> 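Here you go, one structure.
A quick note: this is a predicted structure, and the numbers were derived from the prediction, not measured. Within every chain, numbering begins at 1; the chains are lettered A, B, ... in the order of the sequence lines, protein sequences first and strands thereafter. No hydrogens, no waters, no symmetry mates; every other heavy atom, side chains included, goes into these values.
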Amino acid sequence: MDQIIMFVSQLFNGLKIGSVYALVALGYTMVYGIIRLINFAHGDFIMVGAYVLMLTIPAIVAMGLPAWVAVIPAILVCVAVGVIVEKAAYKPVREKGNSMTALITAIAMSLLLENGSQAIFGADFQTVPTIFHLPSIAFGKLKLSGDTLLTIVIGLVIMVGLQLFVKFTKQGKAMRAVSEDKEAAVLMGVNVNSTIALTFAIGSGLAAVASLMYCAAYPQVSPMMGAMLGLKAFVAAVLGGIGSIPGAMIGGLAIGLIESLTKAYIGTVTGGLITSAFSDAIVFAILIIVLLVKPSGIMGKNEGEKV
Amino acid sequence: MSNDTQPILKAEHLGITFGGLKAVSDFNMTINKGELVGLIGPNGAGKTTVFNLLTGVYKPTEGDFWLDGEHMNGKKTYQVVRAGIARTFQNIRLFKQLTVEENVLVAFDESFSYHMGGAIFRTPGFWKQEHEMHEKAIDLLRIFNLEGLAATQAANLPYGQQRKLEIARALATGMKLLLLDEPAAGMNPTETEDLLHCINTIRDRFGIAILLIEHDMSLVMSVCQRIQVLDYGRTIASGTPEQIANNPQVISAYLGSDSNDDVDGDSTAKVEPEPSIAKTIQEEGAR
Amino acid sequence: SGGSMDDSSSSSAKASGDTITIGTVTTNSGTAAAYGEAEVKGFELAVSEINAKGGINGKKVKLESMDDKGDATEASNAYNKLVGDNNVLAVAGPTISATTAAVAPLADQSKLVTIAPAATSDSIETGNYLFRTCFKDSYQGEVAARFAAENLKVKKVAVLYGTGDPYSSGVGEAFAKAAEKLGLEVVDKESSSSADDTEYSAQLQKIQASGAELLYAPYYYSVAGPYIIPQARSVGFDGYVMGPDGYDGLKLTGDKAQYNKTYYTTHYSADDNTNSKVQDFIKSYKSKNNAEPNTFAALGYDTIYMIKQAIEKAGKNATREDVRNAVAGMTFDGVTGKFTMDKSGSPTKSVIVLEMKDGKPVYNTTVQPK
Amino acid sequence: MKKTMLSTTQSYVVCFLGILATFGIVMALCESGLADSYIKGIMMTACIAIIMTTSLNLTIGVLGQLTLGCCGFEAIGAYVAALASKYMVAAGIGVDPTARFLITTLIGGIVACVFGILIGIPALRLHGDYLAIITLGFGEIIRVIIQNLKVAGGMGLDKGAAGQALIGIERTANLYVVFWIMVVTVVVLFMFGRSRYGRAVKAIRDDEIAAGASGLNTTYLKVLVFAISAFFAGIAGGIFAQYIGSLNPTMAGWLNSINYVIMVVFGGMGSLTGSIVSAIGLTILPELLRAFADYRMLAYSVVLVLVMIFRPQGIFGSWEFSLPKLINRLLLRGNGKNDRAADKSDKAVNEPADATEKEAAR
Amino acid sequence: MLEIKDLCVSYGAIDAVKGISLKVDDGEIVSLIGANGAGKTTTLHTITGLVPAKSGSITYDGHDLLKTHANKIVTLGMAHVPEGRHVFTRMSVQENLEMGAFSLKDQSNLGKDLEMVFDYFPRLKERRRQLAGTLSGGEQQMVAMGRALMSHPKTILMDEPSMGLSPLLVKEIFDIIVTLRKSGITVLLVEQNAKMALSIADRAYVLETGKITMEGKASDLLHDEKVRKAYLGA
Ligand SMILES: Nc1ncnc2c1ncn2[C@@H]1O[C@H](COP(=O)(O)OP(=O)(O)OP(=O)(O)O)[C@@H](O)[C@H]1O
Ligand SMILES: Nc1ncnc2c1ncn2[C@@H]1O[C@H](COP(=O)(O)OP(=O)(O)OP(=O)(O)O)[C@@H](O)[C@H]1O
Ligand SMILES: [Mg+2]
Ligand SMILES: [Mg+2]
């Protein structure tokens, strides 16, 4: 019985971090889907959002509003940062360079944001006030945190919303068209630049939401917080099939679960040979295996070239 | 050398399915040495797919094929090429950033015998072979009047010359069977004629067999000894150009009713689309 | 020959001129930047105090600061740069054990005394030109185990540490070893990939299930505070939590009561009334930086004062070697305690144990060195 | 052929003289004491970076496949060489430090190469960003494994302690020796690039399907390139270990690998010259930026972004510097214009032989 | 009415179009023929704003196209069937066609428009759910044409629509072009298959290395000795 409770709560641990990964992965997938760029700075957008939360929550609470309202200024700032990064750096490089230089620009942008915020806020860690005060739900001995459930629900709602948006709205179709063939999209009457900017805006807005959920679970900010989170989320996006919206969700949750379950059970399963310290390695190993079996990720469409 | 009675290519019951769609089924074909065979059929009939099967790009889901008696199923592309089947692509695929000569040299790769050590220490063997191959490449390019462009980057060639370079590159692999996928597409009749001349030259000079996919009937009818017609992945006819041109099934599926003109090569009277247009307009009106 | 990397060209350095230059190599960018930043604040506070009081031997003190990004190559380049600067008499730094390991052989080779404020790894001792201000991993782990056994009187302990981090794994392993020696039962040993993970619930749940009365989790304040302790409490672990000096400046989140029953070993205590230096340090740090100091700042602060004491002892025309000789075996009385340098360059110092009470670290006891 | 043009052999001699001259400068700097340990350290770091960058350029620039795991191989080379050196010291084998250095570095390279093959075979079935992420994953796995290996921590071998930096490695790397290893690396990569192998690899970059259809065993060639890159990364690691004297598993991490990718792209993909110059430049740049003190890395990232915006093809694009060509040009200037024509016709005939010829534009 | 005056276009150092002038009146089929690399595609690309002009002017129905944003040109009633099809490979046939109607304010007639396209190209109806990238070349050409029709164009620019199509389909496509004209659509047709192009066009221009060397009634050009030699393979 205890074993089962333990297992279920491990699952929930996995879902908790997994749904944060999923939210971040959605942002990666949106941007990657349209301009085929691994936006390495995306993790740092989360960091920007988190700093905005840290700075605005006290004021918002003082105004008598719930703390999560701070997500609104966070979204505004992140969208601004995202669109500026796209217009100022990515666009010129995209027009003149190749995919590799675009990638390096993204990495450089990530470094810039990290070092820039260190210059502004200092390198030290700062805590974020409590965001949600949700009661946890108890099933007998099993206690599930309200935050976790909320994060999962928000992740699912955003995923479904995005999917519907991309499939059925005009702007969504424009995004898909631009992602496939920019010239043809122009001929259809699509404004490529504003479509890309919109995608960045959505992706960055999602980053702000992700930073809210992240800070609710892990209430601390620092200039480097986005780097590893961004990487994990990117791995999630690739695992799920980059470019695929449900894929990002599945990938994120899968990575969260893998992490949690390996940390909990790998030692026992391997008789102590492999310890929980290997969890990162195991996440990557599973990613590698999945990609070798299904090269475009779990939900990715096989883009085999027609000869 | 194989004995003379053995066909260069023998394909039996070849077939492939893409997620339920039978792109090619029960494909049979024999090509003898020095023969030039045409493969025609409506768009989407499966012609390119046949090429992809014969070159190992796709693995056949049924059937077998042999090159010069050697069973070729399941071989990787490069193994097929080394065994002696080379091809061109429907959408030109050159090594765009390499020069014209390098494009050909890449296909000569099998004829080189120096290894890493030779390359790194620049042994005399290295130089000898590089020079030899250079000569051979220029010789080959000469057939296509490309020798003057040897140092040009392939991407900068005009379309027609890119097509020719692709054929030259295929020839450089030293094949027994050459597969040409719509070599005349996008060419005007004058350029097509030039190409026709080239094809005849290489067949005579290299004594190889050629399988040609082409929609330009004037070209197909004038160079092919035999023609096989595909529709919906199945062979609907095969025979001499005359037989094909008069086959009612082929006419209705592929050539259209007034196709005989193409065969005659009478150019002035060739295109008279008016009757069928009238038909379409009537149908429009009826709706 | 000249191609060899092992030649020292400039041991001619002397405290000539009217300033004394102290070189620093710290981690000011990258993931460990927070620790280097705190050290630098400690350095700067000490230097400004020293200069306000007339400098060392009447000469003003200047810092020559280098960032190493937490990278061994950068650290060694930065260090070499200081070696080549004849004005540099001594070096404070590097910040983390990884960079200190790279610098250690260079210190010996170039005969430039180097005092690492907070590099705790056991293995980086050279017993020559490299010294440190903090106590080393094994010592701290041992003291913690002793405290757990003797003061907290627990029987079953569990350890959680990050294998990717020499500090975390060094202290963690030392604690486990010492605990076993003392007859404690180590009921669970868990690890994380790195010392800056955010999610430890899975491991903590197992620790909770193992029936441990005390969890020893050697991590930094930025991880133990917001992640490990709250997560431990939320999986229902209500035993003791113990940590090393990395806990100093613990970042608190949410309910302060969850930090009760948390103890850590460290160098100084704010309510240590016996040491006036502590109060002065905290006061002037606060007024200069408008924030509470942490261990890194305190150790950095002491490091500069150690160098000052050594140079003063070595005299007006001290060479680098003279300074080294003055540091070796020195007895120093600073914010982080009164201590003597042992043969291997590590201080023998008393350990202070603090206990968290409603979010505030409160003095519990002092463990004297054996 | 006109006498004013350099023949192939002469070109090689000229190149060799150029390298000797560079070495002479390095030696003069060191022996005269102009270069203190700081400058020497930077030269050493730059040599290591050149080996890493030029060999990575083979995969990224020439083969056109993005990998983010090069430091995994560097770390393998470094740890293997370090442990081998420790073993040799402990067992009393190979007394001469330089010989020991060479042997252990070579072992490091070979082991890294073996891993390169083992990883390359499955990984290279993927392309583009998928390959990037899978190689990044391998790098991270290598990092985690090293940090959990007892033999690879603390004093190493039997005195190992997982999670600790590997310390006390004999610092036997000699700048002169390393300089020549670097030269050999660059020369090997150059010769490889200007041979049938280089041609084939570039063909795969341009169109893998067409390369297969031209009879190239694309899988073999891709793994070969990967293995060569891994080998040299291992060599660089071996040098690094025996230069710095201590090792940390974080060196295998993706952030480090990305640093080298930046160097390759920064210099211009496919350009050896670019890789060399940017390896040197990006080794020195952070040092120069020390003047910015706390804003050093901020300034560094600003420089990166600006260069990418204003020169997205990298500093050198695909251009190659060539000493013989420079000399030819000077000779031609002296000899008037008619030689230009001769230059052209010579080129047409001597194209493959002219090893100094500019690489085909990207 | 589409009018081009003294248009020059270059790609970096390469001058692709060197001062051409041409005119397409409403309801006409005008054909533009010329060898490979003559600059035909470049001309069409410049009209629809995919490539910037160096000098000259392009007006369409009183609008200065060189000053019009590329994505707005389709809303003026001009559709472009590009060379090489450029279908959206990872969208289904139907989604491709729906993209064609992207510029329309009123999307309510989508179903009817689709049926119209399926009438022209029954093969597409069979394949409506298939990803366009897996279609054969001919099928993709049909998608590209159908997609252009979906925007209710007044003028269609077609770049080598017959390339790679079976003889039957070529005829069909030319039939469709004639039908389109009958329904009042203006067509500017670029073709390698000069014979067929001239036989359905009203007027034609011959483009050689970036310059117009001949122009006139299509039937006249069809019988012109020089044209016959150079482009009709006589
Ligand atoms: N990889 C694939 N996946 C799914 N369907 C495919 C694939 N390759 C080809 N097909 C389908 O198989 C059929 C035959 O295609 P193929 O390219 O062989 O036609 P083709 O005869 O060469 O036509 P065309 O003359 O237009 O080039 C087409 O309907 C095509 O959609
Ligand atoms: N993107 C480009 N960059 C550089 N040069 C180009 C580009 N596109 C076309 N060109 C050059 O411009 C000239 C005209 O090309 P264009 O494509 O307009 O010719 P075309 O008449 O359409 O030929 P085709 O019959 O082959 O389609 C050619 O010399 C071509 O090489
Ligand atoms: Mg085809
Ligand atoms: Mg064209």
> Heavy-atom cut-off 4.5 Å, strictly under: side chain, backbone, both or neither for Gln231(C) against chain A?
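Gln231(C) touches chain A through side-chain heavy atoms alone.
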
> Heavy-atom distances under 4.5 Å only: say whether Asn115(A) touches chain C with side chain, backbone, both or neither.
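Contact with chain C: side chain only.
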
> Can you tell which of Ser279(A), Ala264(A), Gly14(A) has the highest number of heavy-atom pairs within less than 4.5 Å of chain C?
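Looking at each option in turn, the highest pair count goes to Ala264(A).
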
> What part of Leu204(C) gets within 4.5 angstrom of chain A, counting heavy atoms only: side chain, backbone, both, or neither?
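Neither part; nothing is under 4.5 Å.
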
> Regarding Tyr221(C) and Asp124(A), is there a side-chain donor-to-acceptor distance under 3.5 Å anywhere?
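Their side chains do contain a donor-acceptor pair, which is all the 3.5 Å distance test asks for.
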
> Check this for me: Lys360(C), atom NZ, are more than 12 non-hydrogen atoms of other residues, nucleotides or ligands nearer than 6.0 Å?
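It does not: Lys360(C) NZ has 12 such atoms or fewer within range.
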
> Taking every non-hydrogen pair under 4.5 Å, which of Gly254(C), Ser193(C), Ala33(C), Ser29(C) racks up the most with chain A?
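Option with the greatest count: Ser193(C).
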
> Are the side chain of Ser276(A) and the backbone N or O of Ser191(C) linked by a donor-acceptor pair below 3.5 Å?
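Yes; at least one donor-acceptor contact below 3.5 Å.
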
> Check Gln220(A) against Ser222(C) and note the closest heavy-atom contact, atom names and distance.
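Smallest heavy-atom distance, with atoms named: NE2-O, 2.6 Å.
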
> Name the region of Phe12(A), side chain, backbone, both or neither, that has any atom closer than 4.5 Å to a heavy atom of chain C.
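No part of it gets close to chain C.
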
> Please find the pair of heavy atoms, one from Lys263(A) and one from Glu199(C), that lie closest to each other, and give the distance.
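Closest approach of Lys263(A) to Glu199(C): NZ-O, 2.9 Å.
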
> Highest number of heavy-atom pairs under 4.5 Å with chain A: which of Gly162(C), Ala209(C), Gly30(C)?
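So the answer, after comparing Gly162(C), Ala209(C), Gly30(C), is Gly30(C).
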
> Quick one: of Thr130(A), Thr268(A), Thr127(A), who has the most non-hydrogen atom pairs under 4.5 Å with chain C?
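Among the listed options, the one with the most contacts to chain C is Thr127(A).
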
> Between Ser9(A) and Gln205(C), does a side chain to side chain donor-acceptor pair (under 3.5 Å) hold up when you go through it step by step?
CA-CA 9 Å; Ser9(A) 36; Gln205(C) 207 140 30; 2.8 Å; yes

> Looking at every heavy atom in both Thr198(C) and Tyr214(A), which two are closest together, and how far apart are they?
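Taking Thr198(C) first and Tyr214(A) second, the nearest heavy atoms are CG2-OH, 3.2 Å.
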
> At what distance, to the nearest 0.5 angstrom, does CE of Met225(A) lie from CG of Asp196(C)?
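So the CE of Met225(A) and the CG of Asp196(C) are separated by 12.5 Å.
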
> With rounding to the nearest 0.5 angstrom, report the OG1 to CZ distance, Thr163(C) to Phe278(A).
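Result: 7.5 Å between the selected atoms.
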
> Which bit of Ser192(C) is near chain A, if near means a heavy-atom gap under 4.5 Å: side chain, backbone, both or neither?
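The answer is the backbone of Ser192(C).
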
> If I measure from the heavy atoms of chain A, does Tyr161(C) come under 4.5 Å with its side chain, its backbone, both, or neither?
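For Tyr161(C), there is no contact with chain A at all, as no heavy atom is under 4.5 Å.
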
> So for Ser194(C), is it side chain, backbone, both, or neither that comes closer than 4.5 Å to the heavy atoms of chain A?
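Neither; nothing under 4.5 Å.
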
